[in-house]
Amino acid sequence: MMIPKEKIEEVKDRASIVQVISEYLPLQKRGHNHIGLCPFHSEKTPSFTVSDEKKIFHCFGCGETGSVITFVMKKEGVAFPEAVRNLAKRYGVIIPEARPGGGADPRDLLYLALKASTGYFSDEFKGVGGKTAVSYLAKRGFAGAEVVNRFGLGFAPDRWDGLTNYLRKKGVHLESAEKAGVIVKKEKGYYDRFRGRLIFPIADARGRIIGFGGRTIGSGEPKYLNSPETPVFKKGENLYGLFQAKQNIISEGSVIVVEGYFDLIALHNHGFKNSVATMGTALTAEHLRLLKGLAPLIYVLFDSDEAGKKAAVRSLELFLDGEVPCRAVLLPSCKDPDEFLSREGPGAMKEAISKAAPLMEFCLNEFRKKTDISTPEGKSGYLNRAIEYISRVKNVAERDHYAAFAAASLGIPVSSVYEALKNAQKTGVAGAAVKGAIQARSSNNLKELTILKVILKFPELYNDKVEAGIEAFSDPLLKEAGQTIAKRLREGRGLDAGALIEAAGTEEVRKSIAGLLFKDDDGFIEAPERMLEDSLKRLLNKGKIKTTTEEMIRKLEETGRTEVARDIKKRVETVRKERH
């Protein structure tokens, strides 16, 4: 069934937008608002702003905007009803759960099957059959380790129907368990996906179990087996250990990324609790989005062999696109972090991390090693490849640093590198022109911006003359935003920030209104009546628009705004009757 409108409003009122968003990225108090790095696009300077008072967020970089419900929808990838219900459960808002046909939300059934499966694997780990798993962990240096409990490790016995029977007894729908990836359906029925394996439960950023990884204890293949892609689990969009590491990442101001379950658990076991792991896949742009809002610096531990070095070079493009600072950590003499920690200890790991070079420097060194720079052709080839990456560094100071680094590697003047950079960056002129056009547009429409900002801050000043002014706006985007605001004021519904944004007809108008709402606290409005009157006078006189009520109504009718004209006529008649 549809969620009642009053329940949606109750969720918005009760939910703390700052508290909810803080679970996904760190926010800092700045005046009336909170700011942080936008989770929806790459940036180094915070432009993502959250207002607890207005209960909305807005990014001045990419334009994303909305309420706490909108944020949950975008970050969790869920539909509006599920976002509302998730928040309602958290803040104690009771919403009728009946649906057409009486069925449950399919995703809820998947989470239920995954949670029940976690219980089964945990019970088996603690039982007699789990001694095999405990013994295996002891051999790898995790005997009695707190980290085993922290990550909720489990055990899947070598049976075809252990979990299947368990879920059936618990009343879990086997169809849902199959969709969750824990059991498999064949012609003869269902059977367990994970058998004879140490189990690693995988949680999302909120702590919900979304899948499992299994490591064979015997000699079976494959050595590692992950849950398949499901509606709640995608390897390229989730990181193992993120839920456990999130607070440590924020407090440390950095995150360590490795590949694999045991490397991750080994790091946590030795005190590096700001670590996460990919699961059989290279880092993705979505992984970086998850991390960049939590920490300003990422350390990636690459294998020291040729494959690891190639992976480091491949990842450079990803970090450049994401504008995320990265340090490349290569561990000498060992293949992976688990082995390194066992042999060298946490002190050596800490030193390796502290000495890690920026990923760009590491890659430039790798380019040099593979190029004969003693020849003119070699110098040219190295410079061309270096410029390909350096030109994509947006920060001027960083770009100059790497230009000097490349020049020193080649033994040429840094001016030569700058010249090459200029040629490579000519394609960036168009972007600068667009930015300049946008700034000019804002300057040219200062009167229109002023009118909207004053009315948003002081809605009691709204009158027929303001209505005429909005209709005379030259900027179509500001005009549509103004009409949205005016309509709510005419109807006496007030200017609740969230409702105002949702009432906007297009995404562009929503972004415009959000920007105006956040900028109304910047000390700009000192004498609202005078500012409004002056802006209206300049706007209306410039267009030679008569400001009599009759002329205004006539022009509204001519431009097809008959509903507005009719409403103003009614109000004029009401005022006349009151005067008589």
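Annotation for Lys139: atom NZ does not count as buried by contact number, only 12 or fewer foreign heavy atoms lying within 6.0 Å. Within 6.0 Å of the NZ atom in Lys234, the count of heavy atoms belonging to other residues, nucleotides or ligands exceeds 12. Lys379 NZ: more than 12 foreign heavy atoms inside a 6.0 Å radius.
Each of Asn238, Ile256, Leu239 was checked for a side-chain contact (heavy atoms from CB on, under 4.5 Å) with Val276, and the lone residue meeting it is Leu239. When the options Val147, Leu153, Ile265, Ile217 are evaluated for a side-chain contact (heavy atoms from CB on, under 4.5 Å) with Leu137, the one that passes is Leu153. Only one option out of Val72, Ile69, Asn86 pairs with Val20 in a side-chain contact (heavy atoms from CB on, under 4.5 Å); it is Val72.
Salt-bridge check for Lys370 with Glu366: passed, with a basic side-chain N closer than 4.0 Å to an acidic carboxylate O. Electrostatic pairing of Arg343 and Glu339 counts as a salt bridge here, judged by a charged N lying under 4.0 Å from a carboxylate O. Salt-bridge formation is not detected for the pair Glu388/Arg385: no Lys NZ or Arg NE/NH1/NH2 atom is positioned less than 4.0 Å from an Asp or Glu carboxylate oxygen. With respect to Arg107 and Glu82, a salt bridge is recorded, a charged nitrogen being found less than 4.0 Å from a carboxylate O. Glu23 has a carboxylate O that lies under 4.0 Å from a charged side-chain N of Arg90, or vice versa, which qualifies the two as a salt bridge.
Separation of the Phe200 and Phe212 ring centroids does not fall under the 6.0 Å cut-off. Checked against a 6.0 Å centroid threshold, the rings of His268 and Phe151 count as neighbours. Remark: aromatic rings of Tyr299 and Phe272 are distant, center separation not under 6.0 Å. Aromatic pair Tyr389/Phe367: centroids less than 6.0 angstrom apart.
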- Full working for salt bridge (charged side-chain N to carboxylate O under 4.0 Å, His left out) between Lys355 and Glu351: CA-CA 6 Å; Lys355 291 181 177 179; Glu351 184 179 1; 2.7 Å; yes
- Message: Pair Phe48, Phe60 - check ring pair (Phe, Tyr, Trp, His ring centres under 6.0 Å), show working.
- Response: CA-CA 6 Å; Phe48 185 81; Phe60 289 94; 10.0 Å; no
- Message: Quick one, Glu317 with Arg392, criterion salt bridge (charged side-chain N to carboxylate O under 4.0 Å, His left out). Give me CA distance, side-chain angles, the key distance, then yes/no.
- Response: CA-CA 9 Å; Glu317 191 165 328; Arg392 295 170 62 180; 3.8 Å; yes
- Criterion side-chain contact (heavy atoms from CB on, under 4.5 Å) on Phe233 and Leu110, from CA distance to verdict: CA-CA 10 Å; Phe233 175 61; Leu110 265 60; over 6 Å; no
- Take Asp338 and Arg140 through the salt bridge (charged side-chain N to carboxylate O under 4.0 Å, His left out) test and state the conclusion after the steps. CA-CA 9 Å; Asp338 183 18; Arg140 299 201 58 159; 2.8 Å; yes
- Message: The test is salt bridge (charged side-chain N to carboxylate O under 4.0 Å, His left out); show your working for Glu64 and Lys74 and say whether it passes.
- Response: CA-CA 10 Å; Glu64 288 287 357; Lys74 290 177 181 292; 2.9 Å; yes
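What you find for Gly181 and Arg193 is that their closest heavy atoms are O-NE, 2.7 Å. In this structure, Leu27 and His34 approach most closely via the heavy-atom pair CB-CB, 4.0 Å. The two residues Ile209 and Tyr111 make their nearest non-hydrogen contact at O-CD2, 3.8 Å. Residues Pro39 and Phe71 come closest through the heavy atom pair CG-CE1, 4.0 Å. Residues Ile373 and Ser409 come closest through the heavy atom pair CD1-O, 3.3 Å. Heavy-atom minimum distance, Gly253 versus Pro296: O-CD, 3.1 Å.
In this structure a side-chain-to-backbone donor-acceptor pair under 3.5 Å is present from Lys246 to Ala205. Remark: side-chain polar atoms of Arg150 are paired, donor with acceptor, to backbone N or O of Gln244 under 3.5 angstrom. Judged purely by atom type and a 3.5 angstrom limit, Ser380 has no side-chain atom pairing as donor or acceptor with the backbone of Glu377. With hydrogens and angles ignored, the 3.5 Å screen pairs no side-chain donor or acceptor of Arg327 with any backbone N or O of Leu359. Between the Ser122 side chain and the Gly119 main chain, no donor and acceptor come within less than 3.5 Å of each other. Side-chain atoms of Ser416 never come within 3.5 Å of backbone atoms of Ile412 as a donor-acceptor pair (strictly under, hydrogens ignored). The backbone N or O of Phe57 sits less than 3.5 Å from a side-chain atom of Thr65, completing a donor-acceptor pair. Using a distance-only test at 3.5 Å, with no hydrogens or angles considered, no donor-acceptor pair links the side chain of Ser135 to the main chain of Lys131. Side-chain N or O atoms of Asp161 include none that pairs as donor or acceptor with a backbone N or O of Asn165 at under 3.5 Å. Counting only distance, with no hydrogens or angles, the side chain of Asn274 and the backbone of Ser254 share a donor-acceptor pair below 3.5 Å.
In this structure, the side chains of Cys59 and Thr49 stay at 4.5 Å or more apart for every pair of heavy atoms. Using a 4.5 Å heavy-atom threshold, the side chains of Ile202 and Met279 count as touching. The closest side-chain heavy-atom distance from Pro337 to Leu331 is below 4.5 Å. Counting heavy atoms from C-beta outward, Tyr191 and Arg195 have side chains that approach closer than 4.5 Å. In this structure, Val232 and Leu114 have side chains that are in contact, with non-hydrogen atoms separated by less than 4.5 Å. When side chains are defined from C-beta on, Phe194 does not count as touching Leu163, because their heavy atoms never get closer than 4.5 Å. No side-chain heavy atom of Phe142 sits less than 4.5 Å from a side-chain heavy atom of Tyr136. In this structure, the side chains of Leu242 and Ile249 come closer than 4.5 Å at one or more pairs of heavy atoms.
Between Tyr120 and Tyr166, the ring planes are tilted. Angles from 30° to 60° get that label.
Separation of atoms CD1 (Ile210) and CG (Asp204) is listed at 5.0 Å; rounding is to 0.5 Å. In this structure, CG in Leu167 is found 12.5 Å from CD in Glu178, a value given to the nearest 0.5 Å. Taking CD1 of Ile390 as the reference point, atom CD of Glu398 lies at 12.0 Å (rounded to 0.5 Å). Considering OG of Ser275 and CG of Leu264, their distance stands at 6.5 Å, rounded to 0.5 Å. With rounding to the nearest 0.5 angstrom, the CZ atom of Phe362 is 9.0 Å from the OG atom of Ser315. Rounding to the nearest 0.5 angstrom, the gap separating the OG1 atom in Thr278 from the CD atom in Glu259 is 4.5 Å.
For Tyr261 and Asn226, the side-chain atoms include at least one donor-acceptor pair closer than 3.5 Å. A donor-acceptor pair shorter than 3.5 Å can be found between the side chains of His401 and Glu361. No donor-acceptor contact under 3.5 angstrom links the side chains of Arg30 and Asn33, judged on distance only.
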